[in-house]
Amino acid sequence: MPTTDTESSFIEETCKEGLTENPSIDADYGEQQTLRSNRSTYFEQKIHIPTSEASIFSFRKLWAFTGPGFLMSIAYLDPGNIESDLQSGTVAEFKLLWILMWATVLGLVMQRLAVRVGVVTGLNLAELCQRIYPKVPRLILWIMIEIAIIGSDMQEVIGTAIAFYLLSNKAIPLYGGVLITIVDTFTFLFLDKYGLRKLEALFGFLITVMAITFGYEYVRVAPTQTEVVKGLFYTWCSHCDSKALLQAVGIVGAVIMPHNLYLHSALVKSREVDRSKRNEIKEANKYFFIESAIALFVSLVINIFVVSVFAEGLYNKTNADVHELCLTNNLLHASDFPNNTNNVEADIYKGGVFLGCQFGVAAMYIWAVGILAAGQSSTMTGTYAGQFVMEGFLDLHWTRWKRVLLTRTIAICPTILVAIFSNIDDLTGMNDLLNALMSLQLPFALLPTLTFSSSVAIMGDFRNGVINKVIASVLSVMVVGINLYFVFNFTQSALPHHWAVYVGIAIFMFLYVLFVLYLVGIFLVVLGWKQLVTVSYIGKYLREPYMLEPQLSHSTPVFYS
């Protein structure tokens with residue numbers, strides 16, 4: 001079907017804004033993109049990929065591509081995830097380990113799609129959203145992803161503050177730990193000036209710290225290995241109550257972070273890939289996938305450590321049990337567990353206290369060091385994600401310190417108020433609210449990722465095949481449904497029961513579902529449901545993105561940087 005004059009006009013206008021249908025980039029366009037990349041976060045240098053005679057696999061090339069996947073994997077190890085891990089072990093013992101494992105596999109599937117988009121197009125997800133979606137949907141997407149980043153930022157602030165509280169044995173108050181995160185964030189912010197490889201090495205070091213500290217706790221607790229293996233491969237949760245079910249849903253919501261897809265699609269731009277050569281694109285996709293799989297395997301092992309430690313140590317334990325244990329070992333934190341017969345409601349603070357009571361104060365400090373590493377590393381990657389999203393959606397290039405000052409202020413203000421005027425239970429309890437908040441934002445990362453990676457106009461021959469489309473779509477529907485169930489349960493239990501609250505939620509959910517359906521409609525058009533464009537009252541809202549799907553004869557991607 002030939003393109004209409006309107007479609008041709010729109011494509012021509014879009015090309016002027018920075019996209020091209022011509023795979024051979026002209027000098028002016030390449031120069032503009034080079035100048036633009038020099039202003040961008042993280043890419044003041046690009047890693048050269050060595051040539052190799054090995055056609056199937058080269059460790060030298062894998063090493064050159066190693067870095068972005070490990071930075072991405074830190075989102076799977078942030079304080080929110082660690083808390084979700086220990087709560088699942090406390091509530092359901094080892095029975096939810098299989099959900100953690102398959103949620104990580106699902107995360108790898110989605111991260112792979114985001115990586116392919118970044119490698120093939122040379123643009124990250126935020127930049128593609130800015131070019132493809134109309135203005136209003138684009139701004140809504142940006143706001144939603146910013147909310148997810150700020151929510152994640154708050155979890156990192158909370159985790160870091162609790163780590164300092166434990167390390168100082170309560171000498172540094174919670175609000176003091178929150179304030180310290182302002183200073184250390186700006187300190188770490190300028191480390192990339194020392195070189196990209198050194199920065200990636202720092203993240204590798206922090207992941208190693210988490211592996212050692214949480215691995216130490218795993219060895220000390222010595223969980224039953226047969227139960228660990230059974231939990232990973234027995235895909236059922238026998239005799240699980242509603243708390244365990246809600247915790248299972250929470251695991252999926254905590255593992256797959258919406259802003260992480262935007263982050264990963266941008267990080268892969270740090271490697272030199274000649275996008276005019278099909279083999280180099282294919283090779284980059286292969287090595288980035290291998291690296292991501294290794295990185296997420298490491299994160300899965302660390303998460304398994306945490307779940308297993310508390311499955312063995314706190315499952316079916318009452319507050320009185322731990323209270324007595326702390327008194328026996330003369331630890332100052334015994335008062336954190338009331339002397340009653342209720343089961344322990346664990347969080348990252350009480351988890352550390354329990355380890356100190358059970359194995360000595362050194363175990364508590366080692367746990368705190370691991371939480372501190374998780375908080376600091378995820379803080380830095382969150383900073384980069386925020387910068388990529390702002391630059392991509394708004395084409396707004398703030399200096400790093402201004403960007404951090406804005407998001408960190410938004411994250412710290414409510415956190416420090418809770419830290420000053422409430423107790424630590426309220427601070428750690430904010431994690432459930434934040435997980436629910438981020439769960440709502442997940443469709444706004446999954447749907448653009450599926451849309452772009454399935455588009456022939458964007459990806460050419462590298463677009464998703466039929467099997468990939470079906471698998472990714474089914475998994476996305478499942479994840480979004482699971483997350484909405486989690487949000488529904490959270491709002492039922494946490495929000496006040498008042499008609500005004502219900503009206504507000506109803507209005508919000510109506511607008512929320514309407515926008516999700518809009519994104520789904522664009523995705524369906526990309527999949528080939530062109531008839532949607534002709535439907536009254538619907539087609540006009542889907543038409544503008546649809547114009548980016550002309551009948552193309554070439555088999556290579558049209559968007560390059």
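Every value quoted in this text rests on a predicted model; they were computed, and no experiment measured them.
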What about the rings of Tyr512 and Phe444, do their centers lie closer together than 6.0 Å? yes
Modelled atom types, side-chain donor and acceptor of Asn319 and Asn342, under 3.5 Å: no
Atom of Leu296, atom of Ser299 and distance for their closest heavy-atom approach: O-OG, 2.8 Å
Hey, mind stepping through Thr381 and Met257 against side chain to side chain contact (heavy atoms under 4.5 Å, CB included) and telling me if it holds? CA-CA 12 Å; Thr381 54; Met257 310 288 281; over 6 Å; no
Hey, does the side chain of Glu83 reach the backbone of Asp347 with a donor-acceptor pair shorter than 3.5 angstrom? no
Any chance you could measure Phe305, atom CZ, to Ile82, atom CD1, to the nearest 0.5 Å? 11.5 Å
Are Phe523 and Ser473 close enough that some pair of their side-chain heavy atoms sits under 4.5 Å apart? yes
Is the shortest side-chain heavy-atom distance between Lys469 and Val466 below 4.5 Å? no
Over all heavy atoms of both residues, which pair between Met210 and Ala373 is shortest? Give the atoms and the distance, please. CG-CB, 3.9 Å
Heavy-atom side-chain proximity of Glu291 to Phe70 below 4.5 angstrom: yes
Could you walk me through whether Val309 and Leu86 pass side chain to side chain contact (heavy atoms under 4.5 Å, CB included), step by step? CA-CA 8 Å; Val309 163; Leu86 68 89; over 6 Å; no
For the atom pair OG (Ser377) and CG (Leu206), what is the distance rounded to the nearest 0.5 Å? 5.5 Å
Short question: side chain of Ser152, backbone of Ala148 - any donor-acceptor pair under 3.5 Å? no
Neighbour count >12 (heavy atoms, 6.0 Å) for atom CH2, Trp102: no
Within a strict 4.5 Å, meaning less than it, do heavy atoms of the Val298 and Ser73 side chains meet? no
Is the shortest heavy-atom distance from the side chain of Ile162 to the side chain of Ile371 under 4.5 Å? no
Check the pair Ser308, Val221 against side chain to side chain contact (heavy atoms under 4.5 Å, CB included), reporting the backbone distance first and the verdict last. CA-CA 9 Å; Ser308 302; Val221 173; over 6 Å; no
Can you tell me how far apart CG (Leu263) and CD (Gln111) are? Round to the nearest 0.5 Å. 8.0 Å
Answer yes or no: is there a side-chain heavy-atom contact under 4.5 Å between Ile158 and Pro79? no
Please confirm whether the backbone N or O of Pro338 pairs with a side-chain atom of His323, one donor and one acceptor, at under 3.5 Å? no
Can you tell me if CZ on Phe508 sees more than 12 non-hydrogen neighbours from other groups inside 6.0 Å? yes
Using atom types as modelled and distance alone, determine if a side-chain donor or acceptor of Gln87 lies under 3.5 Å from a backbone N or O of Ala346. yes
Just wondering, are more than 12 heavy atoms of other shown residues or ligands nearer than 6.0 Å to NZ in Lys230? no
Mark yes when over 12 heavy atoms from residues, nucleotides or ligands other than Tyr175 sit less than 6.0 Å from its OH; otherwise mark no. no
Phe337 to Val353 - nearest heavy-atom pair and separation: CE1-CG1, 3.5 Å
Would you please say whether a donor-acceptor pair under 3.5 Å links the side chains of Asn81 and Ser84? no
Rounded at 0.5 Å granularity, tell me how far OG in Ser453 sits from CG in Leu125. 8.5 Å
Heavy-atom closest contact (Ala363 atom, Tyr216 atom, distance): CA-CE2, 4.4 Å
Heavy-atom closest pair, residues Glu312 and Thr224: OE1-N, 3.3 Å
Stepwise side chain to side chain contact (heavy atoms under 4.5 Å, CB included) test for Leu325 and Phe354: CA-CA 8 Å; Leu325 188 64; Phe354 159 73; 4.2 Å; yes
Establish, from distance only, whether the side-chain atoms of Thr213 and Glu217 form a donor-acceptor pair under 3.5 Å. no
Any heavy-atom pair between the side chains of Leu100 and Leu96 that's under 4.5 Å? no
Which pair of heavy atoms, one from Tyr262 and one from Cys129, lies closest together, and at what distance? OH-SG, 4.0 Å
Describe, in one word, how the ring planes of Phe310 and Trp367 are oriented to each other, choosing from parallel (under 30°), tilted (30 to 60°) and perpendicular (over 60°). perpendicular
More than 12 heavy atoms of other residues, nucleotides or ligands under 6.0 Å from CD of Glu345: is that the case? no
From Thr235 atom OG1 to Leu97 atom CG, the distance as rounded to the nearest 0.5 Å: 13.0 Å
Working to the nearest 0.5 angstrom, can you tell me the gap between Glu146 CD and Gln441 CD? 11.0 Å
Students often mix this up, so state it plainly: with edges at 30° and 60°, are the rings of Phe65 and Phe288 parallel, tilted or perpendicular? perpendicular
Applying side chain to side chain contact (heavy atoms under 4.5 Å, CB included) between Phe214 and each of Ile304, Ile302, Val209, Val301, report the one that passes. Ile302
Side chain to side chain, Met364 and Phe359, heavy atoms closer than 4.5 Å: no
Quick one, Glu156 with Thr160, criterion side-chain hydrogen bond (donor to acceptor under 3.5 Å, both in side chains). Give me CA distance, side-chain angles, the key distance, then yes/no. CA-CA 6 Å; Glu156 293 147 11; Thr160 304; over 6 Å; no
